[in-house]
2 protein chains.
Amino acid sequence: MKITSMRDLSATVRGRRQDLGLSQAELAAMAKVSREWVSGVESGKATVEVGLVIRLLAALGLVLDLVTDDPATVEPRVNLDALLGALRDR
Amino acid sequence: MKITSMRDLSATVRGRRQDLGLSQAELAAMAKVSREWVSGVESGKATVEVGLVIRLLAALGLVLDLVTDDPATVEPRVNLDALLGALRDR
DNA sequence: ACGGTATGTGACCGTTCGTGCACAATGTCA
DNA sequence: TGACATTGTGCACGAACGGTCACATACCGT
């Protein structure tokens, strides 16, 4: 599953947890976080700490794979529009 | 690149940024975060918000892929040892 | 319909985030 | 070696974290 937003992440977490037949409380105990925090992740809370997320994924038997978006790109390449836009109001 | 810890993530971010020929400041502007924050990520800070990390990876042209650790598993499967250990002191 | 479990949500609290700034340390290139 | 850019680190501040407790709602098997 490609993760480009918190929606993708939350959906994958919930689906995997249910596939494993775990409650939020059980998963929370395994990952050493609170049940409410798991609920937050599954509803797409974007401000959760990435370290805890990695722990959660490990408890679910999920591994993050980081791949380049554009396989053809070898030469250094910059999104100039994004860069200029971000720099405009500085 | 498989991401199982913050070390993996930070190393990948730094490598990719340098491949693109970007400074931390440029990358920070593109992802709309502070330069200091980027420095923290690249040094393995585990408490950074996952939403900002996703923005950063997008700016780097990187996509997260979430795959199951054990491809053979179809039936619900639980790491009972981990679960019991976590529940023990409750 | 009923009972128990599971999940969502809000408030409170102590802690820590992310930003911005300043300065030191490091790297780079002529 | 000497500018200059880049990166690391500490501080103060407002904002928000994650844990916990409480309660409401939703779900499920019988």
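Numbered from 1 within each chain, the chains take letters A, B, ... in sequence-line order.
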- Task: Go through the steps for B:Ile3 and B:Thr12 under the test side-chain contact (heavy atoms from CB on, under 4.5 Å), then give the verdict.
- Result: CA-CA 9 Å; B:Ile3 307 296; B:Thr12 306; 3.9 Å; yes
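- Atom P of nucleotide D:dG18 and atom CZ of A:Arg55 are separated by 11 Å, given to the nearest angstrom.
- Taking all atoms of both residues into account, the shortest heavy-atom contact from A:Val53 to A:Trp37 is N-CH2, 3.9 Å.
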Per-pair distances, 0.1 Å, donor-acceptor, side chain in residues 59-66 of chain B, under 3.5 Å, sequence neighbours excluded:
| from | atom 1 | to | atom 2 | distance (Å) |
| --- | --- | --- | --- | --- |
| B:Asp65 | OD1 | A:Met1 | N | 3.3 |

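- No side-chain heavy atom of B:Leu52 sits less than 4.5 Å from a side-chain heavy atom of B:Lys32.
- Here the C1' atom of nucleotide D:dT6 and the CZ atom of B:Arg14 are 10 Å apart, to the nearest Å.
- Each end of the helix from C:dG4-D:dC27 to C:dA30-D:dT1 gets its own rotation axis from five pairs of C1' atoms, and the angle between them is 70° to the nearest 10 degrees.
- A:Glu26 contributes a side-chain N or O that, together with a main-chain N or O of A:Ser23, makes up a donor-acceptor pair within less than 3.5 Å.
- The stretch residues 40-51 of chain B touches DNA chain C through B:Lys45, B:Thr47, B:Val48, B:Glu49, each having a heavy atom within less than 4.0 Å of the strand.
- Of the two residues near DNA chain D, A:Ser34 and B:Arg17, the one whose nearest nucleotide lies more 5' is B:Arg17.
- Atom-to-atom distance recorded for B:Arg16:CZ and B:Leu27:CG is 11.0 Å, nearest 0.5 angstrom.
- In this structure, B:Arg7 has no salt bridge (Lys or Arg N to Asp or Glu O under 4.0 Å) partners at least two apart in sequence or on a different chain.
- Taking atom CG of residue A:Leu27 and atom C1' of nucleotide C:dG8, one finds them 16 Å apart after rounding to whole Å.
- Nucleotide C:dA25 holds its P atom 18 Å from the CD atom of B:Gln24, rounded to whole Å.
- Annotation for B:Ser43 and B:Ser10: closest pair N-CB, 4.4 Å, computed over non-hydrogen atoms.
- In this structure, the CG atom of A:Leu52 is 19 Å from the P atom of D:dA16, given to the nearest Å.
- Among pairs with a residue in residues 39-63 of chain A, those fulfilling salt bridge (charged side-chain N to carboxylate O under 4.0 Å, His left out) read A:Arg14-A:Glu42, A:Arg17-A:Glu42, at least two apart in sequence or across chains.
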Please produce a list of atom pairs where a protein N or O lies less than 3.5 Å from an N or O of nucleotides 21-26 of chain D.
| from | atom 1 | to | atom 2 | distance (Å) |
| --- | --- | --- | --- | --- |
| D:dC21 | N4 | A:Glu36 | OE2 | 2.8 |

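- What you find for B:Ala46 and A:Val50 is that their closest heavy atoms are O-CG1, 3.6 Å.
- Between B:Glu26 atom CD and D:dA5 atom C1' there is a gap of 11 Å when expressed in whole angstrom units.
- Separating the CD atom of B:Gln18 from the C1' atom of C:dT26 is a distance of 14 Å, rounded to the nearest angstrom.
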